[in-house]
Amino acid sequence: MSITRYNPQKIEGKWQKTWTNLYKAKDFSKKPKFYILVEFPYPSGEGLHVGHCRSFSAFDAVARAKRMQGFNVLYPMGWDAFGLPAENYAIKTGIHPSITVKENIANFKRQMKGLGLSFDWDREINTTDPKYYKWTQWIFLQLFKKGLAYKKKMPINWCPSCKIGLANEEVVDGKCERCGAPAEQREKEQWMMAITKYADRLIDDLSRVDYLEKIKTQQINWIGKSIGTEVDFKLENSDRKIVVFTTRVDTVFGVTAIVISPENFFAGEIVAKDKKIAVQEYVKNAKVKTEFERTKIEKEKTGVFTGSYCINPLNNEKVPVWIGDYVVASYGGGAVMMVPAHDQRDYEFAKKYGLEIKEVIEGGLNKEKAYTECGKLINSSHFSGLSSEEAIKKITQWLKENNAGRERIQYKLRDWVFSRQHYWGEPIPIIHCEKCGMVADENLPVKLPFVKNYQPSGTGESPLSAMSSWVNVKCPSCKSKAKRETDTMPNWAGSSWYFLRYADTKNDKALASKEKLKYWLPVDWYNGGMEHTTLHLLYSRFWHKFLYDIKAVADPEPYSKRTSHGIVLAQDGRKMSKSWGNVVNPDIIVKELGADTLRIYEMFMGPFDQAIAWDGQGVKGARRFLDRFWNLALSSNAVKSSLEIKHAFNKLAKKVTEDLEATKFNTAIASFMEFINLVSGKQNETGKDVIKQLTVLLAPFAPHIAEEIWHKLGNKRSVHLQAWPKYHSVQEEKLDLIIQINSKVRDRIEIQAGMADEKIKEVALSQEKIKEILKDKEIKKIIIVKGRLINIVV
RNA sequence: GCCGCGGUGGUGAAAUUGGCAUACACGCAUGCCUUAGGAGCAUGUCUCGCAAGAGGUGUGGGUUCGACUCCCACCCGCGGCACCA
């Protein structure tokens, strides 16, 4: 029989047109809901990356399978469209970012549709749409009113050549990403978000969610909670004090100096007259250094003596106060107690400047390095003899009683710098009034005005500051002269709550209706890149907890389950990049081999969570598999399938279902291939019953070819509306039993299931091959593993 | 330095309550078909050995009837953090 050849170009577009109404998520339904979310992309000018295709296709398979399993599935898509590339492009070409973004979105959407992705396009969102960012601004105002959004002088990265403030991600190796000039530090008022107020809850609530373990660990480490003690060191001849934070208060009798950071406000105030010049010089040098230079690993520790002393409250000893740039200003108050005997950094510092090294923990002071272990206290007055653990408790208690210290928890997490001095972002809806100060502008949305010039202002303000007609307003409360805030929000703002908007995209009364939020949230499964673990994922959890506190949402956590995908590298193992010329364009693969081939290949190429290199040959293997499936499905004409084929299909259905849940897309596809290989040799045992079921099972992975085959087999309704194939645990009647001698496989036999152990022994020992080997050997032991093997130890 | 993940054929990899190591695919080789093959099909493809057989999952040790899988020590690679007191 001659059959038509598989030609994806002919069938894919045809079916895509018919699917437009299949994937609508219904608000409220008798079916259980299932909300699957993949991170929405920045619509760049380069178009869809094959990496996007990988995770979108894989979760498209999950979404389609879930629908067939009877869930009311929400699988939405949108655009995270604020950001620098569009602004930079506007600077270069004069074309307004909104136009570029519109074109790019159209292109992305065309590509996604061409892949047959089953997004519900009725719920498309765009962070740059005023109807959307109205609510981003609304959330900002709620945070502002609760004091969680506040202004503060902060050092920022500054490019002296572009005359513009740089976000951390725009500073690469200490240099401006655009022009390559070394970035400097500058002080500027910045909007901040008090994420540190939520630090404990962000850690504790991880126990409520199902995230990959590595994601949880990375967030916990990033937040960096550490429990310790604050100790007050009074300045000599002054009533001021320096407060230090330490996790090793048991070593407090070994303090031989206090070191404060150059930024510390004390630095200018406590310096003795004869040391002023030296200190000023040192601090000036330290401040010029960028964060990058200061944190170089090999850097030698430097410092300068202030000429002042303070008093150790435990033994009333006088200790010198130094300034050193190895002390981090923004952590623990920017001051440390120096215990060179038991801290390696302090040891190096003390060695360099000839400071005293005083041993207070027994353990043998080494000539080359500090002894940093815990142990028994010595030279510590009446605390001597205690263990470190006991001493930490007792000394902290003593400090409390004498009003010279207290327990204290510190975090590495810093508050979130929320301002950007750029044009292409959400305006911060705040008005600065001469009389009232900062006033919330409730008249939302505060629309981003069209400007003529996107060039940075050169003063460090955003290009908006030059728009006097926009900037100069009247105070909404007292009608006095006032100015708008000209800073805009960071990229992270719009993405910190977008998953809520999908529940109710057209609502203009609230960010989404309570009922719909209650129905759809939390997200059941959220997949994205590992690179977003400590920024986007943490920021959005923070905002969501805040919204929970003001009762805007019903759950304390936004995502029930979080997995991550590995990036797709170029064939040469490097990142895909225009400048390397190694970019794979999905359009070309779709055109030459078909969307289904691309989908299958990207799921098959390797473990989903691992970075993996593209392989141009490998894609062809995926196409071969689909060709074989096509030919088999259309040529098989047996009436009924044999028991063996039915069993094999049952096993396949089980494997595929389980692998989808576990993001093991690669082994799911491998099992399909295995099944096709098996069936190819047994076509007259393979009936239409199994072929139909196989087509349904493959439909989430390769939706177009499955739809075509399904119709060619005489069905009318879409394959994507079929019920997911059922499988059952098979009680096989006969089992393959492996016979080992000393754990080496020597023979295999077929036995009845449920055979008694004694009988199994008897049968195994009576095999000719086994008899031959055992001829002159003594049996020591026989181990039987039910249904698997028998091991004869000799 | 700290935290996390990993190391299995020529390549991407599979196999976990400890039980057949290398499934599936790529590549390669040989053959068939073909005017042709950059299409398709068939067979082979961890190492040594003609074979029977033996060895083999980064290295060394351990537990076990049995270890890719568990334990200890080490080496290497990747990712994140990095003077956080």
Side-chain angles (χ1 to χ4, degrees), chain A residues 5 212-222 224-226 228-229 231 244-249 251 259 261 294-301 324-339 342-346 348-349 372 410-414 530-531 533-534 564 566-567 571 600-601 604-607 609-622 624-625 627-628 631 664 666-677 680-681 736-748 780-794:
Chain A
R5 271 194 61 211
L212 288 181
E213 215 43 49
K214 62 178 171 180
I215 296 174
K216 287 191 184 183
T217 320
Q218 229 182 80
Q219 290 205 342
I220 290 168
N221 291 345
W222 180 262
K225 182 177 184 171
S226 75
T229 312
V231 186
V244 303
F245 173 77
T246 178
T247 53
R248 289 296 303 277
V249 78
T251 63
V259 189
S261 74
R294 273 179 62 177
T295 55
K296 269 188 189 158
I297 319 157
E298 331 78 46
K299 202 185 79 70
E300 204 180 316
K301 295 178 189 10
D325 69 358
Y326 79 98
V327 178
V328 176
S330 53
Y331 185 83
V336 300
M337 59 181 216
M338 195 183 77
V339 187
H342 305 293
D343 182 283
Q344 187 56 27
R345 295 156 304 195
D346 296 346
E348 286 166 27
F349 192 79
T372 57
Q410 280 286 340
Y411 303 92
K412 284 192 204 173
L413 182 71
R414 317 273 169 83
M530 256 336 257
E531 72 275 19
T533 302
T534 52
S564 76
I567 53 170
Q571 189 138 6
I600 292 285
Y601 169 63
F604 178 67
M605 65 198 295
D609 60 344
Q610 241 173 66
I612 198 136
W614 185 265
D615 177 9
Q617 289 298 330
V619 198
K620 290 184 187 152
R624 265 175 226 153
F625 160 66
D627 278 327
R628 285 165 60 106
N631 292 332
K664 290 162 90 174
N666 54 333
T667 50
I669 303 291
S671 309
F672 274 115
M673 291 171 166
E674 224 171 323
F675 185 76
I676 294 288
N677 290 347
S680 300
D736 260 345
L737 184 80
I738 291 149
I739 305 173
Q740 296 182 333
I741 291 168
N742 285 349
S743 307
K744 282 223 157 66
V745 180
R746 294 301 177 175
D747 201 2
R748 54 191 66 216
K780 279 193 187 149
K781 200 172 176 181
I782 294 179
I783 291 137
I784 295 174
V785 182
K786 275 264 178 289
R788 286 195 196 237
L789 59 78
I790 173 167
N791 187 13
I792 301 158
V793 186
V794 296

Give a yes or no on whether the backbone of [Y] and the side-chain of [X] come within a donor-acceptor separation of less than 3.5 Å.
X: R248(A); Y: T372(A); answer: yes
X: N791(A); Y: I783(A); answer: no
X: Q571(A); Y: G616(A); answer: yes
X: Q218(A); Y: T534(A); answer: no
X: D615(A); Y: Q617(A); answer: yes

Taking C-beta and beyond as the side chain, do [X] and [Y] meet within less than 4.5 Å on heavy atoms?
X: Y326(A); Y: E348(A); result: no
X: R628(A); Y: N677(A); result: yes
X: I215(A); Y: M530(A); result: yes
X: I738(A); Y: I790(A); result: no

Please state how far atom [atom1] in [X] lies from atom [atom2] in [N], giving the value in whole angstrom units.
X: F672(A); N: A25(B); atom1: CZ; atom2: C1'; value: 16 Å
X: I669(A); N: G12(B); atom1: CD1; atom2: P; value: 20 Å
X: K620(A); N: C24(B); atom1: NZ; atom2: P; value: 22 Å
X: I790(A); N: G19(B); atom1: CD1; atom2: C1'; value: 13 Å
X: K412(A); N: C2(B); atom1: NZ; atom2: C1'; value: 8 Å
X: Q219(A); N: G79(B); atom1: CD; atom2: P; value: 21 Å
X: K216(A); N: G4(B); atom1: NZ; atom2: C1'; value: 15 Å
X: I741(A); N: G66(B); atom1: CD1; atom2: C1'; value: 14 Å

OP1, OP2 of [N] versus side-chain N and O of [X]: anything below 4.0 Å?
X: R788(A); N: U17(B); value: no
X: Q610(A); N: A13(B); value: yes
X: Q218(A); N: G4(B); value: no
X: N791(A); N: U64(B); value: no
X: N666(A); N: A14(B); value: yes
X: K744(A); N: G55(B); value: yes
X: Y326(A); N: A85(B); value: no
X: T667(A); N: C24(B); value: no
X: K781(A); N: U64(B); value: no

Ignoring the backbone of [X], work out which of [options] is nearest its side chain.
X: D615(A); options: A85(B), C26(B), A23(B); result: C26(B)
X: T217(A); options: A25(B), A85(B), G4(B); result: G4(B)
X: Q617(A); options: C41(B), C26(B), C24(B); result: C26(B)
X: F604(A); options: G4(B), A85(B), G12(B); result: G12(B)
X: N221(A); options: C3(B), A23(B), C26(B); result: C3(B)

Determine the Euclidean distance between corresponding [atom1] atoms of [M] and [N]; express it in Å to zero decimal places.
N: C46(B); M: A21(B); atom1: C1'; value: 10 Å
N: A29(B); M: G79(B); atom1: P; value: 35 Å
N: G55(B); M: A15(B); atom1: P; value: 27 Å
N: A13(B); M: G18(B); atom1: P; value: 25 Å
N: C78(B); M: C28(B); atom1: P; value: 29 Å
N: G19(B); M: G66(B); atom1: C1'; value: 7 Å
N: C70(B); M: U57(B); atom1: C1'; value: 16 Å
N: U69(B); M: G61(B); atom1: P; value: 15 Å

With a 4.0 Å cut-off on heavy atoms, is [X] in touch with a base, just the backbone sugar-phosphate, or nothing at all?
X: K225(A); answer: nothing
X: I612(A); answer: sugar-phosphate
X: G224(A); answer: nothing
X: V793(A); answer: sugar-phosphate
X: V745(A); answer: sugar-phosphate
X: S226(A); answer: sugar-phosphate

Which of parallel (below 30°), tilted (30 to 60°) and perpendicular (above 60°) describes F245(A) and Y331(A)?
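F245(A) and Y331(A): perpendicular rings.
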Geometric class of the W614(A)/Y601(A) ring pair [parallel <30°, tilted 30-60°, perpendicular >60°]:
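If you compare the ring of Y601(A) with that of W614(A), the planes turn out perpendicular.
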Dot-bracket summary - RNA chain B, pairs being Watson-Crick or G-U whose distances fall under 3.5 Å, with | when paired to another strand:
(((((((..(((......[....)))((((((.......))))))(((....)))..(((((..]....))))))))))))....
Closest nucleotide of RNA chain B for D346(A) versus for N742(A): which of these residues is on the 5' side?
N742(A)
Would you mind telling me which residue lines up with the more 5' stretch of RNA chain B, R628(A) or E674(A), judged by nearest nucleotide?
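By nearest-heavy-atom nucleotide position, the 5'-most residue is E674(A).
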Any idea if G9(B) is syn or anti, going by the 90°-from-0 cut?
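Syn, which is what one calls it when the glycosidic angle falls within 90° of 0.
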Going by modelled atom types, is there a donor-acceptor pair between the base of C83(B) and the side chain of K301(A) at under 3.5 Å?
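When only heavy-atom distances are counted, K301(A) does reach the base of C83(B) through a donor-acceptor pair under 3.5 Å.
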